[in-house]
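Here's the structure, in structure tokens; my notes come after.
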Amino acid sequence: MEEFEKDYKKIGYTNIVGIDEVGRGSLFGDVLACAIIMPDSRIEGVADSKKLSIKKRESLYEKILEECIAVGIGRVDSKKIDEINIKNATHLAMEKAVENMRDQSSRKVYADLLLIDAEKIDTQIAQVSIIKGDDRCYSIACASIVAKVYRDSLCNTWDEIYPGYNIKKNKGYGTTAHRSAIKEIGYTPMHRVTFLKNLIG
């Protein structure tokens, strides 16, 4: 991975935050973002969450949360996604994640630079959009892992609340089985109605 954090520290930035989201293309549930500040030392094995096994992701998730300087989670639910569209909802989740950042003692932490995976958000904080950031930037990769494991855990809970859609397995994405379930038993209050136009008429 490239040395984005180190390079920006050289020019005076201190609280450098990596940001990534998960659930953007899902038919069901929240879009979720993580904002995280990591120390200069690196955890071996950190990579884009999509390239890691479940077991590896969960192991790294624990290490990242133990070692991070600060972390925040931002969530936007399906109703808000339908209201403002998924792009704006993704940005809002990222903004919430930055606002929610706390250190290991639960004290609020303020960012002075945001490194974001392929997006720009509405903020006065300096920001850099990095294409394929979850593959190239360490703190964004850490954010991608935390966001993915956190949302997967929510999916397990949602699966219990709304059985029949196999959310635990498909994470709300539009698999053939998930789409068939929507056609057969209808959609839930947590489905994104604007994503279902071809399924519900």
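The structure presented is a predicted model; accordingly, all values stated were derived computationally and were not measured. All heavy atoms count here, side chains included; hydrogens, waters and symmetry mates do not.
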- Query: What salt bridge (Lys or Arg N to Asp or Glu O under 4.0 Å) pairs are there with at least one residue in residues 175-188, not counting sequence neighbours?
  - Reply: none
- Task: Please check if I84 and V31 belong to a single hydrophobic cluster, counting links between Ile, Leu, Val, Met, Phe, Trp and Tyr side chain heavy atoms closer than 4.5 Å.
- Result: yes
- Message: Just to verify, what does K87 make a side-chain contact (heavy atoms from CB on, under 4.5 Å) with, not counting sequence neighbours?
- Response: R24, N85, H91, E119
- Task: Given side chain to side chain contact (heavy atoms under 4.5 Å, CB included), test I86 with R192 step by step and report yes or no.
- Result: CA-CA 10 Å; I86 188 59; R192 304 172 186 176; 3.7 Å; yes
- Query: Which pairs count as salt bridge (Lys or Arg N to Asp or Glu O under 4.0 Å) when at least one residue sits in residues 26-39, sequence neighbours excluded?
  - Reply: D30-R75
- Message: Can you tell me how the ring of H191 sits relative to the ring of H178, calling it parallel under 30°, perpendicular over 60° and tilted otherwise?
- Response: tilted
- Sorted by chain and number, sequence neighbours left out, side-chain contact (heavy atoms from CB on, under 4.5 Å) with S105 holds for D103, R107
- Message: For K51, give me all partners under side chain to side chain donor-acceptor pair (under 3.5 Å), at least two apart in sequence or on another chain.
- Response: D135
- Message: Are there over 12 heavy-atom neighbours, none belonging to Y187, within less than 6.0 Å of that residue's OH?
- Response: no
- Message: Checking one residue: Y173. Which other hydrophobic residues are in its cluster under the side-chain 4.5 Å linking rule?
- Response: none
- Message: Just to verify, what does S106 make a side-chain contact (heavy atoms from CB on, under 4.5 Å) with, not counting sequence neighbours?
- Response: none
- Message: What I want to find out is whether D48 reaches K50 closely enough, with some N-O distance under 4.0 Å, to be called a salt bridge.
- Response: yes
- Those residues at least two apart in sequence (or on a different chain) that pass salt bridge (charged side-chain N to carboxylate O under 4.0 Å, His left out) with K96 are none
Pairs under 3.5 angstrom only: tabulate donor-acceptor contacts from the side chains of residues 7-23 to other protein residues two or more places apart or in another chain.
residue	atom	partner	partner atom	Å
K9	NZ	D40	OD1	2.6
T14	OG1	D112	OD2	2.9
N15	ND2	Y110	O	2.8

- Item | Residues forming a side chain to side chain donor-acceptor pair (under 3.5 Å) with K171, sequence neighbours excluded | none
- Residues that N156 engages under side chain to side chain donor-acceptor pair (under 3.5 Å), provided they are two or more places apart: none
- Task: Among residues two or more places apart or on two chains, list those pairs meeting salt bridge (Lys or Arg N to Asp or Glu O under 4.0 Å) that have a residue in residues 56-70.
- Result: R57-D152
- Under a 4.0 Å N-O cut-off, is there an ion pair linking K132 with E2? no
